[in-house]
S.K.: 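My questions all concern the structure below.
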2 protein chains.
Amino acid sequence: MAPEKKAFEGVEWRIRVADGSSEVPVPDMELARKVWLRTKGLISCLGSNVWMFLKKAWDIGANDPRKVIHCFKVGLALTLVSLFYFMRPLYDGVGGNAMWALMTVVLVFEPNVGATIYKCLNRMFATFLAGFLALGVHWIASRSGDRFEPFVVGASVFLLASMATFTRFIPSIKSLFDYGAMVFILTFSFVAVSGYRVDKLFDFAHQRISTIFIGTSLCILVIILVCPIWCGQELHGLTVRNMDKLADSLDGCVTKYFTNTNGEDDKKTQGYKCVLSSKASEDSMANFARWEPSHGRFNFRHPWKQYLKIGASMRSCAYCIEALNSCINKENKAADSIKKHLSTSCLKVSSSTSSVIREVAETVKKMNKSPTVFMLIGEMNGAVEELRNDLKSLSQLLDLSTSAENKEHETPLMEIIPVVTLASILIEIAVRTEAIVSSVEELAKLAEFAAHDGKSKRSEMKDKIVPDEEKPEGKLEALQRV
Amino acid sequence: MAPEKKAFEGVEWRIRVADGSSEVPVPDMELARKVWLRTKGLISCLGSNVWMFLKKAWDIGANDPRKVIHCFKVGLALTLVSLFYFMRPLYDGVGGNAMWALMTVVLVFEPNVGATIYKCLNRMFATFLAGFLALGVHWIASRSGDRFEPFVVGASVFLLASMATFTRFIPSIKSLFDYGAMVFILTFSFVAVSGYRVDKLFDFAHQRISTIFIGTSLCILVIILVCPIWCGQELHGLTVRNMDKLADSLDGCVTKYFTNTNGEDDKKTQGYKCVLSSKASEDSMANFARWEPSHGRFNFRHPWKQYLKIGASMRSCAYCIEALNSCINKENKAADSIKKHLSTSCLKVSSSTSSVIREVAETVKKMNKSPTVFMLIGEMNGAVEELRNDLKSLSQLLDLSTSAENKEHETPLMEIIPVVTLASILIEIAVRTEAIVSSVEELAKLAEFAAHDGKSKRSEMKDKIVPDEEKPEGKLEALQRV
């Protein structure tokens, strides 16, 4: 309440409001101040939002400078193609149709080489095909008289556009020619329909094709010459990174469980989630990578599809790590004695499995066959066997405690369940790791990885392939049947 | 070797080849026949390939006739927009710029309403913004003299194109305005650069905007009026279907394991894999669905993002089913006695869990709160408790067999491991199912699902929310800590 002294200083209006109390109206000055304060608040809020946005944008750029470079590449390509407007001879050269070149650059320029080449080739090919078809349709339509011409053209547009749209639903065509189908529809309807109004249709089609050729060539040049980002290399790197993440997560989870350490390495432990979520990007990268010419250590016909198989085998391993993780994060803990009993062999399985995965990652990374992977698999299977023995001896441990006939020992089975579950999931992970190894071996065969001593590829490889019966996992497979 | 008699019938040429042996050249007739046979083979091979392709295409159309309808819709929209060429008054009305309308239709027409509206609005908005900016830049450039004009325009194109490209890397902008950013670059560079050659730039920009307006309106009309496919409805349906698949897989796997039935229902058992692989489509559908106007039972502001959360909780359940599946498909089987001992309670857990999932699917499907879901959760938790008791009594079973001191019974622990692992994964699945239930409850709250007796929404809902402490799972949660 206002002090009484203040109440006498001026006339005071009171408004009776619904609940019977009265309110002192705020003078105009107050209102203006309020508006000012609110506006200031709004502006500062907006300012801080803009600031946050800029900071986020800066982080994105700082984390991956190649994105910034890509942006400048787009600017560069567009400025270069603008020269067709700015320089009279160039402008006249394409008959004032420079806009198609400009449009081509905007539409086909993608962050990586593969996608750009895919779009460029699709655009070229589809424009050619559609242009010729449209000229044919125009020729037929113009022969059918003025009255029927629109109907012939209209019907052809309807039919061909529908058919081309349908092809986009067929997976095999979609993966190779999705963009092409769209450009086909565009060019065909464009040239066919324009034929009704444009006199020199042949020139029109010719100019569209030549300007698109200029645009696509420019794009391919800029994308390849200025800091190129190769889809294939990205896919290769992603595969290697994911393998390392898988190994880290596996190690992290099991160590966390048995040593009861918490926190710090949580990011490492959760790495397997990247593996779970990278299917879509792997698919699109593998799809674009096959359009890329030979680059770095990759040939034109590098077996990119095999990376998808490796990815699938990694994901099937990651599913198990997810299950493992849920075991670990459960509220009820296992009995410490049992945990201790199995800890050594479990840790050994996880560390040997993760070193197999790391070795395989190294194989892929260096594109060299690993000399030690079979040995490591042998170790892994040995560790699995050891774990299996420990599980067996657990039974004896249980017997001893129960044969003493003290009934308070009834719970142990309940208390060993979490550890036993963890152990059997670990064994399953070891099995699935072998699937990763064999898919990488397949890649090594298809891509002709060099033998580990760095000798020539193809000749060396034949000698190095170990016959199935000699492979350690061939012998040891039978052992790991828990 | 040819018989001697034949050798005398005519002159015979023998060609000495590298390894010293000689070969009889095949007469021309033979060659022609060979060529003919090969050609015939090639044609029939080609024919069968084409036939296979057509059959595949037919299957795609027959499985989802909406795809065929979409194709005809594209044809229809293009034919309609062609009228701007065929009818003189329309053609003159847009100043001969009908091509932008045509192009708009080809570029923005997508199979579903959400994606089309997203592209249409983005295209309109970006074209407006870029058009005005480009006019401004042109005005500045034209004031800076003939010599500097190309440099001002070129620099502005470089800068704005780079900046707009960069925004496409910022996730929050990408999800809403990715297409808009591309159209912005296109229109801006187009109008700004054309300003150097086109005299009536204002008319040019105006025509581009009005033709794009025509194109987008036509697209929106056709996509909504002719057999519309709503993204929201699709997402809704996909979520329900995935839940059913999850329930089927869970039931199928466990039943298969305990009853040793094989084959027939394999497709059902593998249904969870659809759940694992549907993240990408869920994301894009949820992204497009928010552009859709109110349709069917869905409001404009339907909480589509909640479907992503439901999807995530379903996937976390599916990971466990994957682990379960690997348990089941292992070579070494558990001891039959132990399997029998746990079979009833395991089957009960799986069937009660899957009926919870089915009930929740029904809730989402009908958009009605379920009257029985809490009861079913109670049942599920009861079954989990029962399974837990059975696991405990397993310990006694084991004691009995070992206390008789016949050492050939040493293996039981090894033989129970698969079943115990399966049981504890089952319990984990039950826990994760509750996460699905709570994410669906959240959806019911956000989307104001009707109470189960079909009364009014908002008022009824408040009464029906059961306080946390009364919820059966609140009480029973404590029980399922295996």
Side-chain angles (χ1 to χ4, degrees), chain A residues 56-57 60 67-68 70-72 74-75 78-79 82 85-86 91 99 102-103 106 150 154 157-159 161-162 165-166 169-170 182 185-186 189-190 193-194 196-197 277 280 319-320 322-323 326 331-332 391-392 394-395 398-399 402-403 410 412-414 417-418 420-421 424-425 428 481-482, chain B residues 56-57 60 67-68 70-72 74-76 78-79 82 85-86 91 99 102-103 106 150 154 157-159 161-162 165-166 169-170 182 185-186 189-190 193-194 196-197 279-280 319-320 322-323 326 331-332 391-392 394-395 398-399 402-403 410 412-414 417 420-421 424-425 428 481-482:
Chain A
K56 213 164 69 183
I60 289 171
K67 286 180 180 167
V68 182
H70 167 67
C71 298
F72 289 132
V74 173
L78 275 177
T79 317
S82 305
Y85 278 88
F86 297 143
Y91 188 71
M99 64 167 201
L102 192 78
M103 223 162 79
V106 176
V157 166
F158 181 85
L159 271 180
S162 301
T165 306
F166 187 73
F169 288 120
I170 300 168
M182 201 180 79
I185 300 172
L186 184 62
S189 39
F190 201 49
V193 172
S194 297
Y196 197 65
R197 295 285 167 198
S277 63
Y319 294 145
C320 281
E322 158 82 26
S326 75
E331 292 155 35
N332 63 325
L391 282 172
K392 268 184 197 157
L394 199 66
S395 171
L398 214 70
D399 292 351
T402 47
S403 61
E410 204 186 288
L413 187 64
M414 287 313 286
I417 287 178
V420 165
T421 307
S424 56
I425 294 176
E428 179 67 25
R481 287 202 216 121
V482 175
Chain B
K56 213 165 68 183
I60 288 171
K67 285 180 180 167
V68 182
H70 167 67
C71 299
F72 289 132
V74 173
L76 177 69
L78 276 177
T79 318
S82 305
Y85 279 88
F86 297 143
Y91 188 71
M99 64 167 202
L102 193 79
M103 223 161 81
V106 176
V157 166
F158 182 83
L159 271 180
S162 302
T165 306
F166 187 73
F169 288 119
I170 300 169
M182 202 180 79
I185 301 172
L186 184 62
S189 40
F190 201 49
V193 172
S194 297
Y196 196 65
R197 295 287 168 199
K279 186 177 187 304
Y319 295 145
C320 281
E322 160 83 25
S326 75
E331 291 156 38
N332 62 325
L391 283 171
K392 269 183 195 159
L394 200 67
S395 170
L398 214 71
D399 291 352
T402 48
S403 61
E410 204 186 290
L413 188 64
M414 286 314 285
I417 286 177
V420 165
T421 307
S424 55
I425 294 176
E428 178 67 23
R481 286 203 215 119
V482 175

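Labels below follow one simple rule: chain letters A, B, ... track the order of the sequence lines, proteins then strands, and each chain is numbered from 1.
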S.K.: How close do A:M182 and B:V106 get, counting heavy atoms only, and between which atoms?
M.R.: O-CG1, 3.7 Å
S.K.: Considering non-hydrogen atoms only, spot the tightest contact between B:L78 and A:A161 and give its length.
M.R.: CD1-CB, 3.4 Å
S.K.: Working to the nearest 0.5 angstrom, can you tell me the gap between B:K279 NZ and A:S277 OG?
M.R.: 6.5 Å
S.K.: Determine the minimum heavy-atom distance between A:V68 and B:F166, stating which atoms define it.
M.R.: CG2-CE1, 4.1 Å
S.K.: With A:T79, which residues qualify under side-chain contact (heavy atoms from CB on, under 4.5 Å), at least two apart?
M.R.: B:F158
S.K.: Tell me, side chain or backbone of B:L76 under 4.5 Å from chain A's heavy atoms, or both, or neither?
M.R.: both
S.K.: Between B:S424 and A:I417, which heavy-atom pair has the shortest distance, and what is it?
M.R.: CB-CG2, 4.0 Å
S.K.: Of the non-hydrogen atoms in B:S162 and A:G75, which two are nearest, and what is the gap between them?
M.R.: OG-CA, 3.8 Å
S.K.: Quick one: side chain to side chain donor-acceptor pair (under 3.5 Å) partners of A:K67, sequence neighbours excluded?
M.R.: none
S.K.: Which bit of B:A57 is near chain A, if near means a heavy-atom gap under 4.5 Å: side chain, backbone, both or neither?
M.R.: both
S.K.: Atom CE in B:M103, atom CE in A:M103: separation rounded to 0.5 Å?
M.R.: 3.0 Å
S.K.: Looking at B:A280, B:G154, B:A323, which makes the most heavy-atom pairs under 4.5 Å with chain A?
M.R.: B:G154
S.K.: Provide the closest heavy-atom pair for A:F169 versus B:I60 in the form atom of the first, atom of the second, distance.
M.R.: O-CD1, 3.8 Å
S.K.: Output, in order, the C-alpha distance, side-chain angles, deciding distance and verdict of side chain to side chain contact (heavy atoms under 4.5 Å, CB included) for B:Y319 and A:S326.
M.R.: CA-CA 10 Å; B:Y319 295 145; A:S326 75; over 6 Å; no
